[in-house]
Structure formats: structure tokens, C-alpha cells
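Counting starts at 1 for both ligands and their atoms, in listed order.
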Amino acid sequence: MRKTLYKHRIKKRTAANQMVKPKNTPFIYGVATSAFQIEGNLEADGRTPSIWEPFCNIKDKVFEGHTGEIACDHYNQYREDVSLIDWLGVDAYRFSISWSRIFPKKHQANPEGIKFYLDLISELEQRGIKPCVTIYHWDLPIWAQQEGGWTNRKCVDWFLEYATYLFEKIGDRVTLWFTHNEPFCSGILGHTLGLHAPGYESVKEGFLAVHHLLLSHGKAVKRFREMQMIGEIGIVLSVTPLYPDTSSQADYKSTRFADAVSHRLFLEALFKGTYPKEVMTLVNRLTRGRLKLHPHDMETISEPCDFLGINYYTRGLIKTKVGGIGYSAGKPRVPVTDMGWEVVPYALKAMIERIRSEFTQIPIYITENGAAYPDFLERDFRIHDEQRVLYLKRHLEMVHAINATGGDIRGYFLWSLFDNFEWQEGYSKRFGLFYVDYKTLKRYPKDSAYFYMDYVREQKRKNNEQMP
Ligand code: BGC
């Protein structure tokens with residue numbers, strides 16, 4: 001029998017109409033990955049392309065034209081990979097499902113596609129690891145993109161059909177469901193900044209994509225409730241607390257706007273049922289007021305969830321562009337990772353406090369946290385990644401400090417299980433606890449893997465001692 005995460009599935013509604021679960025549940029430690037970044041085998045068992053395949057082929061979009069063709073070959077090596085998760089001794093594994101394996105064509109489900117995930121889940125269950133599923137981690141099927149993708153309202157229905165199918169097939173075996181991973185990235189990076197697939201550069205399309213992504217989230221949550229699924233459901237947002245680069249008025253103003261686009265656009269919609277005024281003013285100006293939202297959309301988007309997922313890596317410094325429109329990033333003030341991201345654990349605390357005071361009291365999971373550093377496989381097959389160990393230690397300590405002051409963080413998923421396809425950076429950035437030798441596809445534990453294993457073991461020991 002699968003161990004259920006919550007013994008008592010009592011749901012209480014707070015004044016803010018949010019679901020709150022009882023607090024007497026053990027903290028979950030996990031690791032995270034996503035389908036396109038690790039699976040490879042893009043044509044296996046009837047899968048059709050996603051938007052990332054053509055995007056990888058556009059010149060200069062992805063580092064040295066890297067593709068997801070082989071990635072970590074997880075599709076073939078999933079059993080060994082689950083044994084690595086087991087070796088770490090963590091409670092849960094967060095992975096995403098490839099939509100185009102499940103629906104390689106519009107309205108046509110593929111039994112071979114779901115079989116892979118059923119096998120993966122069985123493997124996890126046999127080892128007592130809780131499966132936690134991200135429904136959408138950026139890899140829209142190409143057939144959907146050919147009809148406008150997320151800018152087309154119909155995409156909401158296609159997503160709902162896909163999510164419903166997953167609820168039916170694996171719904172009784174999943175502990176946590178994440179409807180979307182970082183709609184900021186799939187919406188704004190993909191449709192306004194052109195940095196992610198499908199690579200558009202339009203404010204209007206970015207906004208439309210975000211709106212439809214959020215709408216599809218709300219509809220999936222509603223469907224989840226109607227189907228009386230066990231397990232819990234929420235969405236994952238990226239948070240990068242933003243600070244003005246200087247004390248100038250201009251930098252303050254730019255920071256406020258950047259925060260509206262990267263955070264409030266999502267948090268206000270999900271928890272208050274509105275979009276930020278500054279964003280709507282811009283969208284209305286650019287569309288000459290022609291973009292009309294449907295009357296009940298915001299109600300659907302703010303459908304109460306069981307929890308909020310937060311991906312945290314760094315903070316951002318915002319600098320006004322001299323003589324230009326928009327803003328850019330200020331120069332780092334503290335040591336950075338290989339992504340050029342500042343290492344600032346306290347900004348996570350500041351953000352959680354803000355979410356608590358301004359938006360919601362529902363439980364929070366840290367659904368991603370980790371760091372890329374240039375790792376080297378030594379002759380003895382060890383990888384001495386002290387910087388990553390320090391990064392993880394400081395952030396894990398911060399999570400517990402946040403909880404000590406009532407933060408109500410229920411779990412921590414480390415990004416990532418192993419090195420993988422880092423989107424526009426290809427394989428040039430390594431986030432893994434396990435080093436992947438891309439020539440042999442072998443995995444090697446880094447020092448950080450030993451660190452995390454010991455850390456989790458020690459926390460569990462302490463918890464057991466505290467049990468009556
Ligand atoms: C994404 C991951 C990505 C990680 C590191 C997150 O925004 O969800 O897919 O690999 O950041 O950049």
C-alpha cells in the first residue's frame with residue numbers, strides 16, 4: 001500500500017478562501033528534474049516533437065546548438081536513476097511528464113507514452129519514494145504550437161484533456177501535483193523575451209500566453225476536485241526577489257515594474273483574482289484596449305490550491321536602461337554561481353515573508369533550489385564541488401530558519417538529481433548532485449550528493465528523536 005502523505009485529509013477554508021492542511025506532517029526532502037532536460041529518446045514509442053526541438057535548431061538560441069536528443073538517456077536508464085534517488089535516502093522525486101509522449105497528436109492518447117511513467121512510478125513505489133508530478137514543464141507539443149500554442153485559448157482545453165487523462169491514469173499514485181512549472185518562463189521568456197521556445201518577442205503574446213497558462217491551471221485544479229483525487233495540487237512559481245541597483249528614483253520605479261511582471265502578475269492573479277495595474281495599462285496601450293478577458297477567467301485562475309511551489313535560486317538587481325525602455329540587471333555584489341547568479345539565501349526569507357503577508361497562508365514547498373558550478377571529474381571519479389555543498393547548506397539552513405518563524409514550508413526539492421540539458425545553456429551548465437559524463441552517459445556522485453544524503457539522514461534522526 002502506498003503511504004499517504006497526510007493521514008487526515010481535512011481541508012479547512014481560511015478567511016482568504018485558501019485550503020490549509022494540518023501541520024503535523026513530516027518535512028519532505030526530494031530531488032527534481034524535468035522530462036525534456038533528461039529523457040532523450042525523443043522519437044521513442046510514438047512521441048512527436050515538442051516546441052523545444054525546432055527551437056534548439058535555431059542558430060544561436062541554444063549553446064553550441066545542443067539538443068535534447070540524447071540528454072541523460074533517462075528514458076532507458078530510469079531504473080538505475082531511481083536507484084540513485086533511493087541511495088540518497090530522500091522521500092520524494094519531482095519529475096515532469098512529456099505531453100507529446102501522452103498526446104502525440106491532438107485528442108489522441110498514446111498508451112505507450114503513459115506506460116513509461118507507469119513503470120517509473122512503480123519503480124519509485126517499490127523503493128518507497130513519493131512520486132510528485134509536474135504536468136507541464138515547458139515542452140508544448142508541436143501540434144499545439146502549429147495552432148498558436150499558448151496564445152490560442154483552445155490550448156487551455158487541450159491542457160485540460162491532457163491533465164484529466166493523467167488524473168485518470170496515475171491519479172491514485174501521485175502525492176503532489178504541480179500543474180505548471182514557472183509560467184513566467186513559458187509565458188514571458190518564451191513569448192516576450194524570445195529566450196525560450198517558441199521564441200516570440202511580443203508583449204501581447206506574452207500576456208496572452210500567461211493568461212492561458214494560468215487559466216489552464218485553474219481549470220485543472222477544478223477538475224482535480226471534481227474527480228475527488230487523492231494527493232494535493234498546486235502550481236510552481238519562480239521567485240527572484242528584486243532590489244533596485246541604486247537608490248535612484250528611476251531604479252525604484254523599474255524594480256517595481258519588473259516585480260509586477262515577474263511576481264505580481266502570478267501571485268495577484270492566483271491569490272487575489274486580479275492582474276497588476278501597471279501590466280494591464282501596458283497591455284491595453286499596446287492592444288489599443290482590444291484584448292478582453294472573459295468574465296469568469298479570474299475566478300477560475302484563483303481557484304484555491306493545496307499548496308504553492310516556489311523555485312528559488314537567486315535575487316535580482318534592477319537597473320534602469322539609460323535612454324532606453326525597460327531595465328537590465330545590475331552588477332553582482334556577492335559571489336555568483338556558474339550562471340552568474342548571486343548566492344543570497346536571505347532573499348528567500350524576504351520573499352516568503354512577503355508571500356505570507358501579502359498573498360497567502362497555504363503551505364509552501366521549495367520545489368527547486370540548487371546551483372550550477374563548473375565541475376570536474378577527477379582521476380578517482382570523485383567530484384569535489386565544495387561551492388555547491390556550501391550553497392546547499394546555506395539554503396537548507398535558511399529554509400529551517402524560515403520555518404522556525406512560522407514560514408510553513410513543507411518540503412524541499414533539490415535541483416537537480418543529475419546534470420542535464422540546461423535550456424538555452426545546453427549542457428554547458430551543471431546543476432546535478434550526480435555528474436553526467438555525456439560521452440558515456442555514466443553518472444557519478446559529486447561531494448554534494450554525499451552531503452545531501454548525510455544531511456537528510458541527520459534531519460530524520462533528529463526528527464525521530466523528537467517523536468514521543
Ligand atoms: C527550471 C529548470 C532549470 C532551473 C535552472 C528553473 O527555472 O524550472 O528547468 O533547469 O531553473 O536554471
heavy-atom search around atom 10 (O) of ligand 1 in the protein gives E422 OE1, 2.6 Å

To which protein heavy atom is atom 4 (C) of ligand 1 closest, and what is the distance rounded to 0.1 Å?
Y313 OH, 3.3 Å

Of the options D81, I129, L124, which is the one that meets D86 in a side chain to side chain contact (heavy atoms under 4.5 Å, CB included)?
I129

Against ligand 1, does K429 come closer than 4.0 Å with any heavy atom?
no

What class does the angle between the rings of F178 and F307 fall in, given that below 30° is parallel, 30 to 60° is tilted and above 60° is perpendicular?
perpendicular

Do Q37 and ligand 1 have an N or O pair less than 3.5 Å apart?
yes

For ligand 1, does N420 get within less than 4.0 Å through its side chain, its backbone, both, or neither, judged by non-hydrogen atoms?
neither

Which part of W341 is near ligand 1, with near meaning a heavy atom under 4.0 Å away: side chain, backbone, both or neither?
side chain

NZ/NE/NH1/NH2 to OD/OE distance under 4.0 Å, D385 and R430:
no

Flag the pair D408 and R410 as a salt bridge only when some basic side-chain nitrogen lies within less than 4.0 angstrom of an acidic carboxylate oxygen.
yes

Using a 4.0 Å cutoff against the non-hydrogen atoms of E182, which atoms of ligand 1 qualify?
1 (C), 6 (C), 7 (O), 8 (O)

For E368, counting its heavy atoms only, list the atoms of ligand 1 lying under 4.0 Å from any of them.
1 (C), 2 (C), 4 (C), 6 (C), 8 (O), 11 (O)

Is it true that F95 and H74 have ring centroids separated by less than 6.0 Å?
no

Verify whether the ring centers belonging to H191 and W150 lie closer than 6.0 Å.
no

